[in-house]
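Okay, structure first, notes after.
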Amino acid sequence: PTAVKPAATAKFYFSGTYTANNYNVRYTGASNLGNKVDFSVVQNQPIPNDASHLNICGDCGTAVAIKVGGRYQFTLEHKASYLTFIPYSTQEIVREGVITAIQIKADKAITGRFDFNDNGVVLSSRPAANSSTTAIYLKLNNFEIPVSPDPTKNASIIVLPPGTYNRIDVEYFIHSAATNLTGIIFKRYTGVTLTAGRNKKISADLQVINYGTYGPALFHSWSSPANGCPNINECYWYFLEGQPNWDSKTLWAANGHLYTGGMWFLRKSQIPGFNANNYRGADKTQLNNPQYEIAPSSNGHPSWALTNRFFFMPALGYGYVGGGIGGAGRYWTRSNRGGNTAYVWAFSATSVGVGNNIYQMQMPYWTAQ
């Protein structure tokens with residue numbers, strides 16, 4: 001695709017006879033409705049730093065055409081608002097990816113049909129907020145992620161109605177060719193005021209949690225007391241009371257590449273009655289074989305607003321040979337079964353619970369959070 005070159009002026013021709021000294025002008029983009037303007041749910045920008053898609057996505061404006069000689073002249077005053085994202089990353093591992101899309105979600109409607117008059121967008125006509133009106137998805141053409149802000153590399157522009165928003169959530173969709181997956185990096189902005197005709201630039205340093213390089217620093221054979229890992233009782237609290245959510249979208253890094261896949265659990269401070277000595281009065285560490293598993297309570301990220309109540313465990317796989325990375329997680333507990341086996345905390349998209357493995361298996365340690 002080729003970028004559209006902007007022009008300082010343009011000529012428009014209208015049929016009919018015009019005699020007044022001035023006329024009001026309304027521009028409502030490709031919809032050409034005059035008294036309505038449509039803000040698109042899906043917007044498409046194939047070229048970095050190019051705004052030519054805005055006219056079909058909700059760009060709008062007003063003017064007063066004044067008669068000068070035999071012609072009318074006017075300067076358009078834009079009445080939509082604009083968000084321009086210029087992401088970058090100081091984290092080399094993130095720069096292996098490319099941005100395929102940016103999605104924003106607001107606490108009120110930002111898409112759909114709004115009334116429009118000579119003053120601009122009539123915000124009192126804003127549609128009801130629901131899942132189909134509070135999000136805009138901007139398709140991009142594999143924009144690169146530079147080490148510092150560079151609009152020529154990836155400036156991405158969304159048009160939306162003006163107003164004050166309690167929050168705007170931004171999801172950057174990043175594809176890694178090395179692991180052939182797409183995940184998201186999330187940012188939240190609160191108390192955002194978008195002024196008609198103004199462009200708000202957002203330049204975010206995209207970061208992920210890097211769990212390190214596979215090897216003895218990350219994976220270990222079992223040894224008592226397993227370096228402070230939770231015991232079976234604590235695991236029972238987490239998987240039965242901790243609202244486990246499988247997350248296939250959030251990006252994280254390990255062994256030099258980007259991955260997705262992991263489980264969210266309520267922090268122990270958020271689980272009423274959490275007790276390392278027993279699970280609801282029963283000491284599971286004293287059972288002969290307390291293996292147990294359940295399906296996750298749901299799939300997907302818990303409410304973004306509540307993530308400080310949860311902690312995330314990546315699906316690092318079965319061991320540092322890389323087995324199952326992104327698809328399953330297995331972590332040691334400090335509870336041994338006897339003989340040469342210890343209990344393991346395990347989860348995937350379909351199950352979460354405890355099992356057992358021999359001491360010589362290589363798995364990560366973890367701590368109760």
Using the salt bridge (charged side-chain N to carboxylate O under 4.0 Å, His left out) rule, take Lys187 and Glu171 through it: C-alpha gap first, then chi angles, then the decisive distance, then the call. CA-CA 7 Å; Lys187 300 287 184 180; Glu171 296 177 354; over 6 Å; no
For Leu33, the rest of its hydrophobic cluster, which grows through side-chain links under 4.5 angstrom: none
What distance separates Lys105 NZ from Ser131 OG, expressed to the nearest 0.5 Å? 9.5 Å
Evaluate the criterion side chain to side chain contact (heavy atoms under 4.5 Å, CB included) for residue pair Leu83 and Ile157; output intermediate values, then yes/no. CA-CA 6 Å; Leu83 288 174; Ile157 309 165; over 6 Å; no
Residues 158-167 vs salt bridge (Lys or Arg N to Asp or Glu O under 4.0 Å), sequence neighbours excluded, gives Arg167-Asp169
So does Ala155 get a backbone contact from the side chain of Gln45, meaning a donor-acceptor N/O pair under 3.5 Å? yes
Please tell me whether Leu266 and Met263 are part of a single hydrophobic cluster in this structure, the criterion being side-chain heavy atoms less than 4.5 Å apart. yes
Is the Trp345-Trp366 ring centre distance short of 6.0 angstrom? yes
I'd like to know if the side chain of Thr84 pairs up with that of Asn199 as donor and acceptor (distance under 3.5 Å, no hydrogens or angles considered). yes
Specify whether Phe239 and Tyr236 have parallel, tilted or perpendicular ring planes, treating 30° as the upper limit for parallel and 60° as the lower limit for perpendicular. tilted
If Ile, Leu, Val, Met, Phe, Trp and Tyr residues are connected whenever their side-chain heavy atoms lie under 4.5 Å apart, and connections chain through other members, are Val64 and Phe74 in the same group? no
Check for me, please, whether Tyr211 and Leu181 land in the same ILVMFWY cluster - side-chain distances under 4.5 Å, paths through other members count. yes
Heavy atoms, side chains only, cut-off 4.5 Å: are Ile104 and Ile110 in contact? yes
Just by modelled atom types, is the Gly300 backbone N or O under 3.5 Å from a matching donor or acceptor in the Asp247 side chain? no
If hydrophobic clusters are built from ILVMFWY residues whose side chains come within less than 4.5 Å, do Tyr331 and Trp252 share one? yes
Cation-pi check, Lys67 to Tyr18: give yes when NZ or CZ is under 6.0 Å from the six-membered ring centre and within 45° of the ring axis, no otherwise. no
Ring centres under 6.0 angstrom apart (Tyr318, Phe219): no
Do other residues, nucleotides or ligands put more than 12 heavy atoms under 6.0 Å from Leu123 CG? yes
Is it the case that the side chain of Thr333 and the backbone of Tyr343 share a donor-acceptor pair, with hydrogens and angles ignored and the cut-off at 3.5 Å? yes
Check this for me, if you would: do Arg280 and Glu241 make a salt bridge, where the nitrogen-to-carboxylate-oxygen distance has to be below 4.0 angstrom? yes
Return yes if some donor-acceptor pair links the side-chain N/O of Thr134 with the main-chain N/O of Asn130 below 3.5 Å, else return no. yes
Specify the closest pair of heavy atoms between Pro127 and Thr133, including all atoms of both residues, with the distance to one decimal. CB-CG2, 4.5 Å
For the atom pair OG (Ser40) and CG (Leu54), what is the distance rounded to the nearest 0.5 Å? 10.0 Å
Side chain to side chain, Leu194 and Lys200, heavy atoms closer than 4.5 Å: yes
With a 6.0 Å cut-off on ring centres, are Phe265 and Phe312 close enough? no
Looking only at atom types and distance, does a side-chain atom of Thr190 sit under 3.5 Å from a main-chain N or O of Ile168, one as donor and one as acceptor? no
Taking Arg334 first and then Glu234, would you say they form a salt bridge - that is, a charged N and a carboxylate O separated by under 4.0 Å? yes
Got a sec, which pairs hit ring pair (Phe, Tyr, Trp, His ring centres under 6.0 Å) with one end in residues 102-128, sequence neighbours left out? Phe39-Phe114
Would you call the rings of Phe274 and Tyr238 parallel, tilted or perpendicular, where under 30° means parallel and over 60° means perpendicular? tilted
Would the number of heavy atoms belonging to other residues, nucleotides or ligands and lying under 6.0 Å from CD of Glu144 be above 12? yes
